[in-house]
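Values in this document were obtained by computation on a predicted structure and should not be read as measured data. In what follows, chains are A, B, ... by sequence order, proteins preceding strands, each numbered from 1.
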Protein chains: 2
Amino acid sequence: MVGSTSNGESKQTLLKMIVHLPGYPKNEQVLMKKKGEITIYDIASHLKVSPSTVSRALKDHPSIGKKTKKAIQNYAAKYGYQPNTIAASLRNNKTNTIGIIISWINRPFIASLISGIEQAANDAGYNVIITQSQDSYEKEVANAQALFAGRVEGVVISLAMETEKFDHFEQFINKDIPLVFVDRVTDQLNSDLVAIDNFDAGFKATEHLITQGCKRIAHLGGSQIRNVYSERQKGYIAALSKHNLPLDESLILHSSLSAEDGHHCAEQLFGLNERPDGVFSANDTAAVSLIQSAKSKGIKIPEELAVIGFNNDPISSIIEPQLSTIYHPATDMGVIAATQVLKHRKNKEIVKSESIVLNTELMVRASSDRSIHKQLVG
Amino acid sequence: MVGSTSNGESKQTLLKMIVHLPGYPKNEQVLMKKKGEITIYDIASHLKVSPSTVSRALKDHPSIGKKTKKAIQNYAAKYGYQPNTIAASLRNNKTNTIGIIISWINRPFIASLISGIEQAANDAGYNVIITQSQDSYEKEVANAQALFAGRVEGVVISLAMETEKFDHFEQFINKDIPLVFVDRVTDQLNSDLVAIDNFDAGFKATEHLITQGCKRIAHLGGSQIRNVYSERQKGYIAALSKHNLPLDESLILHSSLSAEDGHHCAEQLFGLNERPDGVFSANDTAAVSLIQSAKSKGIKIPEELAVIGFNNDPISSIIEPQLSTIYHPATDMGVIAATQVLKHRKNKEIVKSESIVLNTELMVRASSDRSIHKQLVG
DNA sequence: TTGTACGCGTTATCAA
DNA sequence: TTGATAACGCGTACAA
């Protein structure tokens, strides 16, 4: 197959050698000495004040005298006092942490999503704990439990491919822990959603192909359990319908949209008596594989087959011809999702959940742009 | 002085006695207040045993009677008891969390690295907190502080591009918190390293180009501050030297190796009087851009210009011709790094730090494979 | 403006 | 085999 040159996962033993560094004798002596974990009690006793005064001084409480405050702050700085956030968490019942459940970190869209969440959270003084469901329902449940036990103050979720039950999220709702679903969402729970209009995007993509003159448009779709795929497909169907094109079930192929799936789908489609003249793939990975397969068969793109993908992954602008796609604001979605969580934490009374829908953008590139061709031909 | 933490004498005693003597008034009140936050105290009083018994039963301590244990575990399960990990952390001085400092999550290599860390950590019951330095020294310092304050039990670091001072890591070393540097490492600190042999990889890559007949090989390098780039470059130089090829400084270009940088470098190289006939780029991003630029100028690859990159990013097998590259076991490095952290946590006495060097793999693809061409020509 | 006293939930230590 | 007790470090009513 194409691209098989890149064997991904390493089955070979990669361990080459273990070198023990010369290692200057580490300060074992120093080890004996108890490590200086300075607490407010230490500061208090050394400065002959009470722990509460220290506590207040360190957070600039107005009711502490200027001199006392300065003295305490100076002492703290000098001796490198580090507030124990664990103790504070226990006391305040506040962890300053939000959890994330996603399928796989190492996918371009998800990585950007997380990057956005992390930035927004950090700016607000929050930490972020990331868990991967690996698209498994069981792992998703386990991750939810772990985050719940860790007392995260909110969770951002992009659902695993398999997930059809949502009981594992009820515990958060019962405790008023904000839940924000991103991209792969569900309407089964009354939670915040941050997503794009997948129907519209699927419609736009398909209609674009129709505009380019396609009459037989295939669709590479994902699991219809997940909104992102079912809605994209509905948009595709609606576009066909609007333009009075027949809906041919044999042109709709469902898979997990991996690179291999893309190749398989290509084979299947190219083996049909009546080949499609256009393909709307629900992600870029499968679309790119399909283009590669098409090229290896000598099928001209976009003249014989116009292709559009979804996500605007880096590979989409590397493949030749460059892949038309739907731009999908991953980082923004992350920022907004984190913001929603924090907003709910701030005004706890406002329980109303929102659905935020972001715009997508149709990016027309060579894989579906027949305008030049048209000019040449007629 | 430190261990003394002379905090208030047993102030709880009174209350506890009041609680235990008259029965269990306290717990009922707590239950009224909070939404089903069951604690071991609740279980204890309802089951007429002591909190310590509950605590031990819940963690399968051998010294608890079978019946008691069962009863407690059943009750806990029935009422959905959730251990408060914060309290446990405070008590045990153990957070079960490891921190990560990397440049950017949304880069293929880093995302896979994190994926590996996360999996290994989770399997050991650890959580993972991720921070992005965005290649800024200041942010890296801030992230280190945040992780330190959060009492992480270990840190996995891939250094920011800018970082030249390492004081912000001393605090971890002083407290014997394991530090594991990955990929972008430093030998300034006596910490664990997990890396590849960048010199060897650079050497292999360059020698491969020489084998393909290249005589004037350029190098797109990154900041020489970072080992990964300086060593790749040294490997490049060593390979030229071994094969008696002259070292031409004008063929070595340093940049941040972004896509734009790749295009700029291409322009610069193609503008030379004597063009290079081969390029070794220290990452795939720049290499791919360079190939695109070359193609737009009609320069034939690999015949006129053989190219090899580094990392085996997805784009490397999409570009045409497919990009030769150095495979770099990202996920494995993550798994190993996390494992090292956990190993140090387990046997604290073993302070010796290790350097683990993983194998890379030369992946020859069309962008540098002149064998077909050679056959045709000669 | 400062100090006292207590509890957040868990667990290690000792005692029974 | 079980229980009582004292911390872990912080924050905050309440009191002074």
Can you list everything that forms a side-chain contact (heavy atoms from CB on, under 4.5 Å) with [X]? Sequence neighbours excluded, please.
X: B/Ala87; result: A/Leu90, B/Asn84
X: A/Ser89; result: A/Thr95, B/Ile86
X: B/Ala76; result: B/Ile43, B/Leu58, B/Tyr81
X: B/Ser136; result: B/Glu138, B/Lys139, B/Glu162

* To do: Sorted by first residue and then second, give each ring pair (Phe, Tyr, Trp, His ring centres under 6.0 Å) pair with at least one member in residues 117-147 of chain B; sequence neighbours left out.
  =>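 Non-adjacent pairs meeting ring pair (Phe, Tyr, Trp, His ring centres under 6.0 Å): B/Tyr137-B/His168.
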With sequence neighbours left out, write down each residue that passes salt bridge (Lys or Arg N to Asp or Glu O under 4.0 Å) with [X], or none if nothing qualifies.
X: A/Glu354; result: A/Lys343
X: B/Asp167; result: none
X: B/Arg184; result: B/Asp135

* Mind grabbing the angle between the end helix axes of the helix from C/dT1-D/dA16 to C/dA16-D/dT1? Five pairs an end, 10° rounding. =>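 The angle separating the two end axes equals 40°.
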What's touching nucleotides 12-16 of chain C from the protein side, N or O pairs under 3.5 Å?
from   : atom 1 : to      : atom 2 : distance (Å)
C/dA12 : O4'    : B/Arg91 : NH2    : 3.0
C/dT13 : O4     : B/Arg56 : NH1    : 3.4

* **Interface with DNA chain D, restricted to residues 67-77 of chain A and to heavy atoms under 4.0 Å** =>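 Correct list: empty, so none.
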* Compare the minimum distances between each of C/dT11, C/dG9, D/dG9 and the side chain of B/Ala87, then state the nucleotide with the smallest one. =>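 Minimum distance to the B/Ala87 side chain belongs to C/dG9.
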* To do: Identify which nucleotide among D/dT2, C/dT10, D/dC8 has an atom closest to any side-chain atom of B/Ser63, counting heavy atoms from C-beta outward.
  =>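 Taking heavy atoms from C-beta onward, the closest nucleotide is D/dT2.
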* **Length of the line joining B/His61:NE2 and D/dT1:C1', which is rounded to integer Å** =>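 These atoms are roughly 10 Å apart.
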* **salt bridge (charged side-chain N to carboxylate O under 4.0 Å, His left out) pairs, two or more places apart, involving residues 141-154 of chain B** =>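 Sorted pair list: A/Glu37-B/Arg151, B/Lys94-B/Glu153, B/Glu153-B/Arg345.
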